[in-house]
Amino acid sequence: VQLQASGGGLVQAGGSLRLSCAASRRTFSSYVMGWFRQAPGKEREFVARITGSGGSTYYADSVKGRFTISTDNSKYTLYLQMNSLKPEDTAVYYCAAGLVGSTSPRDYDYWGQGTLVTVSS
């Protein structure tokens, strides 16, 4: 299972970014897909997850209403649309795949390489 994250960059507070994660077909059909982030000196934290079918989503309270997780099943791609970005959203963002719909990084078996998002104030 391979995951390839992209789309990070530098943005001003209040701006938007869209992250992408290219996945194999097997990943999409069999796994729950999630986004996590890790800021410097902090533990990796859950951001959002979605079922492979795209029918069920769940968000961390800190991003609810600002971020949207979605999939394009025809392209086997996972997205994270991030709006109204805040400096505290600055982190390396990782996509992940797991068999359990969990918020714990330990329950995800496969990880992308991470993409850096920097939000300036």
Side-chain angles (χ1 to χ4, degrees):
V1 176
Q2 292 184 333
L3 302 174
Q4 182 75 29
S6 62
L10 174 64
V11 64
Q12 290 187 334
S16 299
L17 278 177
R18 189 177 77 161
L19 305 183
S20 300
C21 177
S24 65
R25 178 178 181 178
R26 177 172 175 268
T27 308
F28 254 66
S29 64
S30 304
Y31 291 85
V32 174
M33 305 296 295
W35 287 100
F36 289 78
R37 66 186 182 186
Q38 189 165 16
K42 295 187 177 181
E43 294 186 351
R44 193 167 297 189
E45 66 173 0
F46 170 79
V47 175
R49 69 168 189 255
I50 189 168
T51 57
S53 64
S56 177
T57 59
Y58 185 76
Y59 297 90
D61 287 343
S62 58
V63 306
K64 199 174 297 181
R66 300 189 297 122
F67 291 9
T68 302
I69 189 171
S70 63
T71 59
D72 183 334
N73 290 340
S74 67
K75 298 180 180 179
Y76 309 120
T77 301
L78 174 72
Y79 298 103
L80 186 68
Q81 177 67 43
M82 305 185 294
N83 299 328
S84 302
L85 282 161
K86 304 175 181 180
E88 51 263 44
D89 294 318
T90 295
V92 176
Y93 283 71
Y94 299 89
C95 56
L99 293 175
V100 179
S102 169
T103 61
S104 172
R106 292 172 294 182
D107 291 326
Y108 288 77
D109 303 304
Y110 303 99
W111 292 84
Q113 84 285 8
T115 185
L116 177 62
V117 173
T118 303
V119 184
S120 63
S121 57

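This is a predicted model, so every value here is computed, not measured. Numbers here simply count residues along the sequence, with the first being 1.
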Participant: Side chains of residues 91-104: which donor-acceptor partners sit under 3.5 Å, not counting sequence neighbours?
Facilitator:
from, atom 1, to, atom 2, distance (Å)
Y93, OH, R37, NH1, 3.0
Y93, OH, D89, O, 2.6
S102, OG, S104, N, 2.9
S102, OG, D107, OD2, 2.6
S104, OG, R106, N, 3.2
S104, OG, R106, NE, 3.3

Participant: Just how far is it from atom OG1 of T71 to atom OH of Y79, taken to the nearest 0.5 Å?
Facilitator: 9.0 Å
Participant: Could you pull out all residues at least two apart from R49 that satisfy salt bridge (charged side-chain N to carboxylate O under 4.0 Å, His left out)?
Facilitator: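 So R49 forms no salt bridge (charged side-chain N to carboxylate O under 4.0 Å, His left out) with any residue.
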Participant: I'd like a table of donor-acceptor pairs (distance under 3.5 Å, sequence neighbours excluded) in which one partner is a side-chain atom from residues 2-23, with atom names and distances.
Facilitator:
from, atom 1, to, atom 2, distance (Å)
S16, OG, N83, OD1, 2.9

Participant: Say you draw a straight line from CG of L80 to CE of M33; how long is it, rounded to the nearest 0.5 Å?
Facilitator: 12.0 Å
Participant: Quick test of your reading: applying ring pair (Phe, Tyr, Trp, His ring centres under 6.0 Å), list the pairs with at least one residue in residues 99-121, sequence neighbours left out, ordered by first then second residue.
Facilitator: Y31-Y110, F36-Y108, F36-W111
Participant: Hey, what do you get for CZ (F46) to OH (Y59), rounding to the nearest 0.5 Å?
Facilitator: 9.5 Å
Participant: Quick one: side chain to side chain donor-acceptor pair (under 3.5 Å) partners of Q38, sequence neighbours excluded?
Facilitator: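 With neighbours one apart ignored, the set is R44.
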Participant: For atom NZ of K64, is the number of surrounding heavy atoms from other residues, nucleotides or ligands below 6.0 Å larger than 12?
Facilitator: yes
Participant: Write down the atom of I50, the atom of V32, and the distance for their closest heavy-atom approach.
Facilitator: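 Scanning both residues completely, I find the closest heavy atoms to be O-CG1, 3.5 Å.
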Participant: Quick one: does any side-chain atom of T90 pair with a main-chain N or O of V119 as donor and acceptor, under 3.5 Å?
Facilitator: yes
Participant: If a pair satisfies salt bridge (Lys or Arg N to Asp or Glu O under 4.0 Å) and one of its residues is in residues 93-105, list it, with sequence neighbours excluded.
Facilitator: none
